[in-house]
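From a predicted model like this one, the values you see are computed outputs, not experimental measurements. Heavy atoms only: backbone and side chains are in, while hydrogens, waters and symmetry mates are out. A, B, ... follow the sequence lines: proteins, then strands. Residue 1 opens every chain.
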Amino acid sequence: MENKIKVYNTLSQQKEDLIPYNGKTVRIYACGPTVYSSAHLGHGRAAITFDVITRFLRKVGYKVEYARNFTDVDDKIINKSRETGIPTEEIARIYTEEYKNDMFNLGVETPTYEPKVTEYITEIIDLIKTIIEKGHAYPSGGDVFFSIKSFNGYGKLSKRTPDEMLAGIRIDINEKKEDPLDFALWKGSKPGEPWWESPWGKGRPGWHIECSAMSMKLLGKSFEIHGGGKDLIFPHHENEIAQSEAATRVEFVKYWVHNGVIQINREKMSKSVGNIINVKDALSIWSKEAIRLFLLSHHYQNPADFSESAMDESETALERLYIMLKRASNLTIESKKEDIELQNSLNLFKTKWIESMYDDFNTADAVGQLFDLVRATNRSIDAFGWTTTLKETIKEIRSLGSTLGILELSPDDYLKKEKLSKKPIDIDEEEISHLIEERTAARKQKNWKRADEIRTYLDSIGIILEDTSKGTIWKVKS
RNA sequence: GGCGGCGUAGCCAAGAGGUAAGGCAGCGGUCUGCAAAACCGCAAUACCCCGGUUCGAAUCCGGGCGCCGCCUCCA
């Protein structure tokens, strides 16, 4: 096995060995949402990407300090407040809570820190003061701007020079700026906007400064991984680097990690196109684990094209995993038998899925390894039933599962309850049991007509019956 | 226009110099009262095109074509 985790760094455009600044501690900052509307699958993907990275790093022995912020003061929140008449703080509070719920429902573990911008205003003001003192920013008419010309690495993350940026510029000319590419660190507040006292008058933070202030406060001047969606590379992350390094004169972040965007029909999911799928809505149709499996079947850097049929396929694929676990749990006779062939598959799997994850967190490859092993496991169950090897195999499969955040339910909970909750079916479990009993009796008398009637009826309302050597079991149709 | 990326069977998707994982859909078989599930097999000479480097290219280089992202708020 490779002894170093490889991670693709947007800054160098290469995979690099993950070498923390200090021992085995990895500090991660991932950009969270601006809380002015419901979380969509794009937010979900970003959260799940860094959730899995965190879970894996911890699994292989790293200490991970993970911060994910809430931007709770911003133009978009102010606009939303104007449209709805709801105070900005209330809008921020509502969507912050909703985001936390949505992420919980997606099985995303809570980060170590969840800072809010409004709780770090002092740090933000101090940081801006430092940047001004070092000659990289200037107050102008109540605002403070960062001078991109004063920072000679500007553009190093997004791979473009200021001249190239200027060529395609579409932002409004702002008289207060010395250079059209300069961006606001602090914005003087207009009437009715949230504001804080500052050396430059009443105002609020610009968009990018909060992430620099909060990440450096919580994780230190230099930390290992900074993440977010690819759409944040420019200008957000580019500006963060400029601000932070202008203030500290040391490397801000060692590895920049960006996840691909969600697409619908090969087009980016975005508000302007109007093709947003909210996390809540997706969760009302598909299980959280099917959503995770769908996302994790793509490499985190690639775009993931979302569609109902693709999601249905993921649900079916997940069901295949749970059916295998169900078949295994149905075996009651313990024995000391071993299965050499399964043992070989298991040994291969143990090495390969870890290797896949070591290679830039390649969950899609790991998922492929998993399905390989599932076939071998089913084969073993058919041939030998319960073996000590099977027990070991299930344990290893659960181990990958806990890294990806899937297979965390009991097979019955998934095959029945989870799916019943997604597909409201007009029958309860007790009634199903009664019908199954009746059918079993009919089958004993070889009354196939009645037996098939019952099965057909249940099938028509979405319940599938399976006759096994241990009796009839049921599950909810996909 | 500038910068970055993508193009792998019917669909989705890994792989990034050594002869192409996996999932879904389809078809045939085993098993079953019939099914389902599972397993076995088929479709399957699947790497956008044209050049080049190499003993060897899906992978590296050059040139096309098509698509996408960023350059304005995005995760």
Shorter than 3.5 Å, N or O on both sides, protein versus nucleotides 6-9 of chain B: list them out with atom names.
none

Pull out every protein N or O sitting under 3.5 Å from an N or O of nucleotides 29-34 of chain B, one pair per line with the distance.
residue, atom, partner, partner atom, Å
G33(B), O6, Arg439(A), NH2, 3.4
G33(B), O6, Arg443(A), NE, 3.3
G33(B), N1, Asp452(A), OD1, 3.0
G33(B), N2, Asp452(A), OD1, 3.4
G33(B), N2, Asp452(A), OD2, 2.6
C34(B), O2, Arg455(A), NH2, 2.2
C34(B), N3, Arg455(A), NH1, 2.9
C34(B), N3, Arg455(A), NH2, 2.9
C34(B), N4, Asp467(A), OD2, 2.9

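Taking CG from Leu465(A) and NZ from Lys475(A), the interatomic distance works out to 10.5 Å, rounded to the nearest 0.5 Å. How far CG of Asp359(A) is from NZ of Lys352(A): 12.0 Å, rounded to the nearest 0.5 Å.
Checking the phosphate oxygens (OP1, OP2) of C40(B), a side-chain nitrogen or oxygen of Arg375(A) falls inside 4.0 Å. For Arg160(A), no side-chain nitrogen or oxygen approaches OP1 or OP2 of G4(B) to under 4.0 Å. His298(A) has a side-chain polar atom (N or O) that falls below the 4.0 Å cut-off from OP1 or OP2 of A13(B).
By the 6.0 Å and 45° rule, Arg68(A) does not stack over the aromatic ring of Phe50(A).
The base of A75(B) is paired with the side chain of His40(A) by a donor and an acceptor separated by under 3.5 Å.
Closest contact between the side chain of Asn378(A) and the listed nucleotides C68(B), A75(B), A38(B) involves A38(B). Between A37(B), A75(B), A16(B), one nucleotide has an atom nearer to the side chain of Met269(A) than all others, and that is A75(B). The side chain of Glu466(A) lies closest to A37(B), out of C70(B), C24(B), A37(B). Of all nucleotides listed (C3(B), A13(B), C73(B)), C3(B) comes nearest to the side chain of Lys159(A). For Asn362(A), taking side-chain heavy atoms from C-beta onward, the closest of the listed nucleotides A16(B), G22(B), A14(B) is A14(B).
A donor and an acceptor atom, one from each side chain of Glu109(A) and Tyr66(A), are nowhere located under 3.5 Å apart. Neither side chain, Glu431(A) nor His434(A), offers a donor N or O lying under 3.5 Å from an acceptor on the other. For the 3.5 Å distance criterion, the side chains of Asp339(A) and Ser380(A) qualify, holding a donor opposite an acceptor. Side chains of Tyr95(A) and Asp72(A): a donor-acceptor N/O pair is absent below 3.5 angstrom, by distance only.
A 3.5 Å limit on both hydrogen-bonding distances identifies no Watson-Crick or G-U partner for A9(B). Of the nucleotides present, G26(B) is the one that pairs with C42(B) by Watson-Crick or G-U wobble criteria, both distances under 3.5 Å. With both pairing distances under 3.5 Å, A16(B) is matched to nothing as a Watson-Crick or G-U wobble pair. Pairing for C70(B) goes to G2(B), judged as Watson-Crick or G-U wobble with the two contacts each under 3.5 Å.
Nucleotides C11(B) and G52(B), compared at atom P, are 30 Å apart to the nearest Å. The same atom, P, is picked in C40(B) and in G22(B); the two are 11 Å apart, to the nearest Å. Spacing between C31(B) and C24(B) at atom C1', rounded to whole Å, works out to 24 Å. A distance of about 49 Å separates the C1' atoms of C73(B) and A37(B), rounded to the whole Å. If you take atom C1' in C49(B) and the same atom in G41(B), they sit 35 Å apart, rounded to whole Å. Nucleotides A43(B) and G33(B) place their P atoms 32 Å apart, quoted to the nearest Å.
Within the 4.0 angstrom heavy-atom criterion, no nucleotide atom of any strand lies near Gly44(A). Residue-level contact check: Arg379(A) touches the backbone only, with heavy atoms under 4.0 Å from sugar-phosphate atoms and none from bases.
Around the CD atom of Glu308(A), the shell of radius 6.0 Å holds no more than 12 heavy atoms that belong to other residues, nucleotides or ligands. Heavy atoms from other residues, nucleotides or ligands lying under 6.0 Å from NZ of Lys271(A) number more than 12.
The side chain to side chain contact (heavy atoms under 4.5 Å, CB included) test with Ile48(A) singles out one residue from Leu295(A), Leu404(A), Thr363(A), and that residue is Leu295(A).
Lys475(A) places its NZ atom 12 Å from the C1' atom of A35(B), with the value rounded to the nearest Å.
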